[in-house]
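So the structure is just underneath, and the comments pick up after that.
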Amino acid sequence: DVQLVESGGGLVQPGGSLRLSCAASGFTFSSYTMSWVRQAPGKAFEWISSIHSNGITTYYAESVKGRFTISRDNAKNTLYLQMNSLKTEDTAVYYCATTGFWGDVGWVHNYWGQGTQVTVS
């Protein structure tokens, strides 16, 4: 039973910081690239960051680069997203997801958590 449980969301003022966590279970977490994806009300899903299974190689959307930091602790089966200098446009539900590359398809997210609400105001 694959489980991804996000936590750490909440209300924060512009310019503030928040640290999200994603607890993983039911699969070999250390073997998977992981990602953070967000969705603002009435808008499409927006990929914001990914991290390789080795915890070293990272990728960021331009909208968050320089402000957000993705990391992971494979010993704890946990993914993190440190968010600094938050803006009102960062308001969204944030999801963690497994990530894989399928030939003839590209990057895919097979499993998702329930999401955690982040409100910047």
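- In Q13, the CD atom is not crowded: 12 or fewer heavy atoms of neighbouring residues, nucleotides or ligands sit closer than 6.0 Å.
- A single hydrophobic cluster is not seen to contain both W107 and Y59; linkage of ILVMFWY side chains at heavy-atom distances under 4.5 Å, directly or through other members, places them apart.
- Inter-residue side-chain proximity for E89 and V120 is flagged as unmet; no heavy-atom pair is nearer than 4.5 Å.
- Taking all atoms of both residues into account, the shortest heavy-atom contact from S63 to E46 is OG-OE2, 3.0 Å.
- Contact check for W36 versus L79: side-chain heavy atoms found under the 4.5 Å cut-off.
- Taking CG of L81 as the start and OG1 of T69 as the end, the distance is 8.0 Å to the nearest 0.5 Å.
- No more than 12 heavy atoms of other residues, nucleotides or ligands lie within 6.0 Å of OH in Y111, so this atom counts as exposed by the packing criterion.
- Across all non-hydrogen atoms, the minimal contact from G8 to T116 is N-OG1, 4.2 Å.
- Under the 4.5 Å side-chain criterion, counting only non-hydrogen atoms from C-beta, F29 is not in contact with T98.
- Minimum heavy-atom separation, N54 to T57: OD1-N, 3.4 Å.
- Under 3.5 Å, the side chains of T99 and S35 contain a donor-acceptor pair of N or O atoms.
- Between W47 and V37, the shortest heavy-atom distance links the atoms N-CG1, 4.1 Å.
- Note that CE of M34 is 10.0 Å distant from NE2 of H109, once rounded to the nearest 0.5 Å.
- Clustering ILVMFWY residues whenever any of their side-chain heavy atoms sit less than 4.5 angstrom apart, transitively, puts V64 in a cluster other than the one holding Y95.
- No side-chain heavy atom of V12 sits under 4.5 Å from any side-chain heavy atom of M83.
- No side-chain heavy atom of L20 sits under 4.5 Å from any side-chain heavy atom of E6.
- Remark: aromatic rings of W112 and F45 are close, center separation under 6.0 Å.
- Considering only heavy atoms from C-beta on, F68 stays 4.5 Å or farther from T58 through its side chain.
- Here the closest heavy-atom approach between residue S53 and residue N74 is recorded as O-ND2, 3.0 Å.
- Distance check, rounded to the nearest 0.5 Å: CG of L18 to CG of D90 gives 10.5 Å.
- Atom CD of Q114 is separated from atom SG of C96 by 7.5 Å, given to the nearest 0.5 angstrom.
- The two residues L4 and C22 have their closest heavy-atom pair at CD2-SG, 3.9 Å.
- Hydrophobic clustering (side-chain heavy atoms under 4.5 Å, transitive across Ile, Leu, Val, Met, Phe, Trp, Tyr) keeps V93 apart from I70.
- With rounding to the nearest 0.5 Å, the separation of CD in Q117 from OG1 in T91 is 7.5 Å.
- For Y80, the OH atom counts as densely surrounded, since its 6.0 Å shell holds more than 12 non-hydrogen atoms of other residues, nucleotides or ligands.
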